[in-house]
Every structure is written in C-alpha cells, then in structure tokens.
Amino acid sequence: DPSLRAGGGGEGADVGALYAQHTANPGDLDARLVLADALQGAGDPRGELIMLQMALADGTASEGAERRVTSLLHNHGDEWVGPLPAIERTGRRFERGFLVACETNADHAAIARTLDRPEWRTIEELSLRADDVELGPLIARLPLLTRLCADDRSLDGRHQLVEHQRRHCADQEAHEA
C-alpha cells in the first residue's frame with residue numbers, strides 16, 4: 001500500500017513518495033530497488049517480488065526464487081494489476097515487480113476511466129481486443145510501451161508508436177479546427 005511508511009531501511013523512506021517517483025520514471029531500475037527495499041521494510045510482499053524478479057533478470061537469484069515469484073503472483077497479482085479493466089491472469093506478465101504485458105477486451109470507456117492509474121506506466125506490451133479504443137491517449141500514458149496489438153494490426157517499437165500518436169494528435173487538432 002503506497003500510503004505505508006517504511007520503518008526500517010535507513011531514513012524511513014516514505015513509500016508513497018517512492019511510488020510517485022517510480023510512476024514518474026518507471027524505467028529507473030535503481031529507484032525501483034529503493035522502492036523494493038522500503039516496501040520490504042514496511043512488510044509489503046511486493047518488495048519481495050521486485051527483489052526476486054530483479055535477481056532472476058540478472059541471474060543472481062537463489063534456488064526457489066521462481067517458485068516464490070509464482071506464489072506471490074498467485075496470492076497478490078490481482079491486487080497489483082489494480083483497477084485496470086478486463087485483464088485476465090492468463091493474459092498478463094510481471095517483470096521486475098510490475099505488470100509489463102497484458103491483454104484486455106475492455107472497451108474505450110473502461111480504459112478511459114483508468115488512464116490516470118499508475119499501473120499503466122510499466123506496460124511494455126499491450127494487446128487490445130476491443131476495436132473502439134482510441135490509441136493516442138492510451139499510448140501517451142505508456143512510456144515503456146514497445147508493442148501494441150489492436151484492431152488486427154500490430155505496432156512494434158517505440159518509434160512506430162510515437163509516430164502513430166503524433167498522427168492521431170494532428171488528426172484530432174485538424175478535426176477541432
């Protein structure tokens with residue numbers, strides 16, 4: 001829970017402030033490790049997930065780490081997805097402690113209601129099954145997005161995604177003029 005304060009860990013880091021820092025720059029893995037340490041100090045199991053998955057990613061994990069990650073995700077994964085709409089367990093992947101890939105059949109209205117949620121900020125791969133989702137506003141909220149599948153088309157790489165968003169904004173401005 002981001003409102004918790006970590007009691008141990010040096011200076012008693014404010015977990016809420018560390019979550020805010022992570023939301024502002026989700027690709028900063030050093031800041032993510034500081035968040036993990038504070039979460040562990042506060043007794044939040046997500047801190048353990050972050051540490052375990054970071055260790056698995058860099059090859060330094062101890063025996064049993066994958067089993068523990070599976071257990072943590074089984075017990076807490078739904079909570080960590082938060083209110084993101086219509087994301088099933090089988091269509092999601094966590095890495096380095098956060099949701100990085102998911103599939104959803106949520107429509108535009110359901111997604112629009114959650115665009116301000118920090119859970120979107122760590123998504124790298126997204127599959128949209130609904131055909132009415134406006135991609136521009138969604139892409140703008142996903143700084144780490146590298147793959148998007150929507151409307152039976154696929155956009156790979158940040159350049160294609162940014163170009164699609166730029167065209168969307170230009171079209172929208174022309175329509176409003």
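Excluded from the calculations below are hydrogen atoms, water molecules and symmetry mates; all remaining heavy atoms, backbone and side chain alike, are included.
Here the CD-CG distance, from E88 to N105, works out to 7.5 Å after rounding to the nearest 0.5 Å. Atom CG of L39 is separated from atom CG of L49 by 10.0 Å, given to the nearest 0.5 angstrom. Remark: N75 CG to T70 OG1 distance equals 11.0 Å, nearest 0.5 Å.
The two residues G82 and E119 make their nearest non-hydrogen contact at CA-OE2, 3.7 Å. Closest of all the heavy-atom pairs between P85 and A110 is CG-O, 3.7 Å. Contact between P83 and T114 at its shortest, heavy atoms only, is O-CG2, 3.5 Å. Of all the heavy atoms in A130 and A106, the pair that sits closest is CB-O, 3.2 Å. For the pair R92 and I87, the tightest heavy-atom approach, listed with the atom from each and the gap, is CB-CG2, 4.1 Å. Heavy-atom minimum distance, T104 versus A86: OG1-O, 3.3 Å.
The side chain to side chain contact (heavy atoms under 4.5 Å, CB included) test applied to M51 returns L33, A36, Q40, not counting sequence neighbours. For A65, the side chain to side chain contact (heavy atoms under 4.5 Å, CB included) partners two or more places apart in sequence, or in a different chain, are L52, L56, A61. With sequence neighbours excluded, the residues forming a side chain to side chain contact (heavy atoms under 4.5 Å, CB included) with H76 are P45, L72, E79, W80, listed by chain and number.
In this structure, the side chains of E125 and V100 stay at 4.5 Å or more apart for every pair of heavy atoms. Annotation: side chain of M54 is in contact with side chain of I50 (closest heavy-atom distance under 4.5 Å). Looking only at side-chain heavy atoms (C-beta outward), D14 and L18 stay at 4.5 Å or farther from each other. C102 places none of its side-chain heavy atoms less than 4.5 Å from the side chain of R93. Contact annotation: the side chain of W120 approaches that of I111 to within less than 4.5 Å [non-hydrogen atoms, C-beta and beyond]. Put simply, the side chain of R32 reaches to within 4.5 Å of the side chain of T122, judged on heavy atoms. Between L99 and L84, the closest side-chain pair of non-hydrogen atoms falls below 4.5 Å. Under the 4.5 Å side-chain criterion, counting only non-hydrogen atoms from C-beta, F98 is in contact with L35.
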Inset, instruction - Test side-chain contact (heavy atoms from CB on, under 4.5 Å) on L144 and R121 and set out the steps. - result: CA-CA 7 Å; L144 302 180; R121 305 277 299 157; over 6 Å; no
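Sorted by first and then second residue, the salt bridge (Lys or Arg N to Asp or Glu O under 4.0 Å) pairs involving residues 17-30 (not counting sequence neighbours) form an empty list. Under the salt bridge (Lys or Arg N to Asp or Glu O under 4.0 Å) criterion, the residue pairs touching residues 100-111 are E103-R129, with sequence neighbours excluded. Sorted by first then second residue, the salt bridge (Lys or Arg N to Asp or Glu O under 4.0 Å) pairs that include residues 51-69, not counting sequence neighbours, are E48-R68.
Counting only N and O atoms by type, the side chains of H74 and R89 include a donor and acceptor under 3.5 Å apart.
For the pair T146 (side chain) and E124 (backbone), a donor-acceptor distance under 3.5 Å is present.
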